[in-house]
Trainee: 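One structure coming up, written as C-alpha cells, with questions to follow.
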There are 2 protein chains.
Amino acid sequence: MPSLTSVLGVLDPTSDRAVFRQIADALREAIDKGRFREGDKLPSETELVDHFGVSRMTVRNALSLLQQEGLAVSEHGKGVFVRPRPPVRRLASDRFARRHRDQGKAAFTVEAEAAGSRPEVDSLEVKEERPSPGISARLGSPRKVLARRRRYLLDGRPVEFATSYLPLDLARNTPIAQPNPGPGGIYARLEEMGHRLDHFDEEIRARMPSPAEVRTLQLASGVPVIHLVRTAYDTEGRAVEVCDTVMAADAYVLAYQLPAN
Amino acid sequence: MPSLTSVLGVLDPTSDRAVFRQIADALREAIDKGRFREGDKLPSETELVDHFGVSRMTVRNALSLLQQEGLAVSEHGKGVFVRPRPPVRRLASDRFARRHRDQGKAAFTVEAEAAGSRPEVDSLEVKEERPSPGISARLGSPRKVLARRRRYLLDGRPVEFATSYLPLDLARNTPIAQPNPGPGGIYARLEEMGHRLDHFDEEIRARMPSPAEVRTLQLASGVPVIHLVRTAYDTEGRAVEVCDTVMAADAYVLAYQLPAN
DNA sequence: CTTGCCCACTCGTCTATACGAGTATGCGTC
DNA sequence: GACGCATACTCGTATAGACGAGTGGGCAAG
C-alpha cells in the first residue's frame, strides 16, 4: 500500500492556484496515470483532510470538481469512486435501413442481444396530444398528434428515453396506435399504409440534463445527454414522424457515413 | 420591481428536500417561467441569504447546482447571470460535398459570413508526430503522421478545436504540409493528388470537457463538448485523413440526412 | 448459527466567520 | 474633462464545527 504522498504529492503553498484546484489536479493526475482505476475508491474526505492539512470543505470542493468533470461519483455511506466507463452502444447511420426492418424484431433488442446485453423497454405510453411548437413545425402543423413514449434499458440501466410523434390523422385507428405496433415497428406499419419512407433528417445536440432527465436516466453527475431529433419523410416529401430521443451520453457513440459527392 | 417572495416563493420547512435544492428549484422555476431572462442578473448571494434566511454556503450550493446544469454562469465581482444561449452553428451532413469544395473558400469562413458572424481561425500548427493508438488504427498504422491543428472562433468566441492527421508518406512535401493548403482546403489537394474521396465516417460522442478544453474553448461550467472524429476514405478504400474535432456543445447542432434504403 | 443491535466510518447538509479579489461608481483632485 | 482613489458591492476561497444519514462489520444475545 503506497503512501498517499507518493500517489498524490503535496500542496505548493507558493502557487497562486487555489488549494482545492491543486487537490483536484493531484487526484485527476493520479486517475489519469492509472494509480486509481475505474471503480476504485478514492481516499476518503477525512484521509484527504489529514494528508493535505486543509479543512473538509476544501476537500469536498476538490471532489465536487472531479464529479462535475465526470471523473468521479460519490456514494453516500461508502466513499467516492472513479467513475466506471459503461459499455458503449454504437448507433450506426444505417440502423433504419429497410433491410433491417424486414427482419421483424425491434432493432434495439436484436442489437443489444448481439452485443451480449439484456435489453428492456419500459414505461411505454401511447396517447393523443397537442404538439409542442417544435414538433408541430416539423410535422406540418397538425392539430393533434399521436405520442409514443418509451424508455430503453441495457442490463437494467436506463440509457435512452424516446418519444415518437405522428400526425393523428395518419396514425389514428391503426396498429401504430397500439402499444405494440407489430414486427418491424412503426416504420414497417407506415410503409404498409402506403407511406414509403424516403429519408430521415437527424439533428444532434448535447447539453446537461434537466433534473427530470437525471431521474429517468439515473445519470451520474458530470454526464451530459445527447438530444437527437429525427424526422422521417415519405416519398411524397411529407414528414410522417418525429422521434425525440434523449440519451445518456456516456452510453452512446453515434456513427454516420457520408458520401463525398 | 416585484418582491423576491413573489418571484421565488419561500422555503418549505416541512419538506425533506434539502434546503439548497429547494432554493435551486425556486430559481430554476423562475428562470423557466421567464421571470429572469437570458443574461439577466440573478439576486446576489447576499440577497438570497436575506430572503431565505439561510447561510451563504447554502445559497452558493444552490447556485452551484444551477451552474452545473448549464442554467447560470457566475462572474467574479459582478454577479450570477442566466446563461445566454449563444447563436448556434448548424453543421449539415453535406458540408464536405465536392460541389462546396470547388468554390475555393474555406467552408467555415463562407458559412459564418453568410450567417452574419465574423469568423477567425487561429493557433494554426502543422507538425510531424507519432500517431496516438486511436489515430494510428484508423489510418492503417503509419509510423508518423502530419498533424494540422487549428481553432475556430465566431465573433471572437472560440467554438471548435480541430486536428487533422494524415499519413506522413502521403502529405510530406505537398501543399498539405503548408500552413495554408490553398483553395478548397486539404480535401481539394488530396483529390488533385489522385486520392479521389469516396466517403467519410463520423463518430460522435458527448462528454464534459477536460480542464485544458475548458481553457482553449473558454467554456462556461455546465457546457459539455461534442467530440467528433471523421475519417476520410478514398475510392481505393484507403483512410487518407482523420479529423479529430472538439466543439463547444452550446454552439452547435449537427444535422445529418439518411436515406431510408 | 442466526438475529439484532451498536458502532465506526462514510458522505450530505448547514451554520458562522473571515479575508481575498474583481467590478463599478462616485467623488475629489489635477 | 481626465485621472486616480476610496468605497461598496460582487463572488472566490478557506477555516471550524455540528449534526444527519447511509453502509458495513463486529459482537453479543438468543
Side-chain angles (χ1 to χ4, degrees), chain A residues 1 4 10-27 36 39-68 71-83 211 214 218 220-222, chain B residues 1 4 10-27 36 39-68 71-83 211 214 218 220-222:
Chain A
M1 164 83 179
L4 270 192
V10 293
L11 295 180
D12 173 4
T14 71
S15 166
D16 61 348
R17 190 160 175 78
V19 174
F20 77 90
R21 291 188 198 282
Q22 291 186 51
I23 296 175
D25 292 345
L27 289 165
F36 301 111
D40 280 5
K41 185 179 174 303
L42 294 178
S44 76
E45 295 179 354
T46 312
E47 285 171 318
L48 292 171
V49 163
D50 292 343
H51 172 66
F52 288 112
V54 298
S55 78
R56 185 167 162 234
M57 276 310 298
T58 303
V59 162
R60 281 182 61 79
N61 232 330
L63 291 171
S64 159
L65 240 189
L66 296 182
Q67 292 184 48
Q68 287 176 46
L71 285 179
V73 288
S74 66
E75 295 183 38
H76 192 172
K78 298 204 220 170
V80 181
F81 300 83
V82 179
R83 186 160 73 84
V214 168
Q218 291 172 24
S221 69
Chain B
M1 163 89 178
L4 269 191
V10 293
L11 295 179
D12 173 5
T14 71
S15 166
D16 60 349
R17 189 159 175 80
V19 174
F20 77 90
R21 291 187 200 282
Q22 291 186 50
I23 296 175
D25 292 343
L27 289 165
F36 301 109
D40 279 4
K41 186 178 173 304
L42 294 178
S44 76
E45 295 180 353
T46 313
E47 286 172 318
L48 292 171
V49 162
D50 293 342
H51 172 66
F52 287 111
V54 297
S55 80
R56 186 168 161 232
M57 275 311 298
T58 303
V59 162
R60 281 182 62 78
N61 232 330
L63 290 171
S64 159
L65 241 188
L66 295 182
Q67 291 184 50
Q68 286 175 47
L71 286 180
V73 287
S74 65
E75 294 183 39
H76 193 171
K78 297 206 225 168
V80 180
F81 300 83
V82 179
R83 186 161 72 86
V214 168
Q218 292 172 23
S221 69

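Chain letters run A, B, ... following the sequence lines, proteins first, then strands; residues in each count from 1.
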Trainee: Rounded to the nearest angstrom, tell me the gap between atom CD in A:Glu47 and atom P in C:dC9.
Mentor: 11 Å
Trainee: What's the verdict on side-chain contact (heavy atoms from CB on, under 4.5 Å) for A:Val19 and A:Asn61, showing C-alpha distance, side-chain angles and the deciding distance?
Mentor: CA-CA 10 Å; A:Val19 174; A:Asn61 232 330; over 6 Å; no
Trainee: Strictly below 4.0 Å: does A:Arg21 bring a side-chain N or O up to OP1 or OP2 of D:dT13?
Mentor: yes
Trainee: What's the CZ-P distance between B:Arg56 and C:dC19, to the nearest Å?
Mentor: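 It works out to 14 Å between those atoms.
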Trainee: Near DNA chain C, under 4.0 Å by heavy atom, which residues of residues 58-68 of chain A?
Mentor: A:Arg60
Trainee: When the distance from CD of A:Gln22 to P of D:dT13 is rounded to whole Å, what number comes out?
Mentor: 12 Å
Trainee: Looking at A:Ser74, I'd like to know whether one of its side-chain N or O atoms comes within less than 4.0 Å of OP1 or OP2 on C:dT10.
Mentor: no
Trainee: Is there a side-chain contact between B:His51 and B:Pro43, using heavy atoms and a 4.5 Å cut-off?
Mentor: no
Trainee: May I have the distance from A:Glu45 (atom CD) to D:dG22 (atom P), rounded to whole angstrom?
Mentor: 16 Å
Trainee: Hey, mind stepping through B:Val54 and B:Leu11 against side-chain contact (heavy atoms from CB on, under 4.5 Å) and telling me if it holds?
Mentor: CA-CA 10 Å; B:Val54 297; B:Leu11 295 179; 4.0 Å; yes
Trainee: In whole angstrom, give the distance that lies between atom CD of A:Glu75 and atom P of D:dG24.
Mentor: 9 Å
Trainee: Rounded at 0.5 Å granularity, tell me how far CZ in A:Phe36 sits from NZ in A:Lys41.
Mentor: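 Nearest 0.5 Å value for the CZ-NZ distance: 9.5 Å.
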Trainee: Nearest whole Å is fine: how far is C:dT23 C1' from B:His76 NE2?
Mentor: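 Between C1' of C:dT23 and NE2 of B:His76: 9 Å.
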Trainee: Rounded to the nearest 0.5 Å, how far apart are OG of B:Ser74 and CG of B:Leu42?
Mentor: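 So the gap between those two atoms works out to 10.5 Å.
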Trainee: Is there a donor-acceptor pair under 3.5 Å between the side chain of B:Glu45 and the backbone N or O of B:Arg56?
Mentor: no
Trainee: Measure the distance from CG on B:Leu48 to C1' on D:dC9 and round it to the nearest whole Å.
Mentor: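 Checked: the CG to C1' distance equals 15 Å.
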Trainee: Output the single nucleotide from D:dT23, D:dC11, C:dC11 whose closest atom is nearest the side chain of A:Lys78.
Mentor: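 From the listed options, D:dT23 comes nearest.
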Trainee: Counting distance only, does the side-chain N/O of B:Gln68 pair as donor-acceptor with the main-chain N or O of A:Gln68 below 3.5 Å?
Mentor: no
Trainee: Does a side-chain N or O of B:Ser44 approach OP1 or OP2 of D:dC9 to a distance below 4.0 Å, or not?
Mentor: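 Looking at the OP1 and OP2 atoms of D:dC9, neither is under 4.0 Å from any side-chain N or O of B:Ser44.
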Trainee: Which distance, rounded to the nearest 0.5 Å, do you find between the CG of A:Leu48 and the OG1 of A:Thr58?
Mentor: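 These two atoms lie 11.5 Å from each other.
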Trainee: As a test of understanding, state which of B:Asp16, B:Val10, B:Thr14 forms a side-chain contact (heavy atoms from CB on, under 4.5 Å) with B:Asp12.
Mentor: B:Thr14
Trainee: If I take atom CE in residue A:Met57 and atom C1' in nucleotide C:dC19, what distance separates them, rounded to the nearest angstrom?
Mentor: 16 Å
Trainee: Hey, can you pull the residues of residues 10-20 of chain A with a non-hydrogen atom under 4.0 angstrom from DNA chain D?
Mentor: A:Ala18, A:Val19, A:Phe20
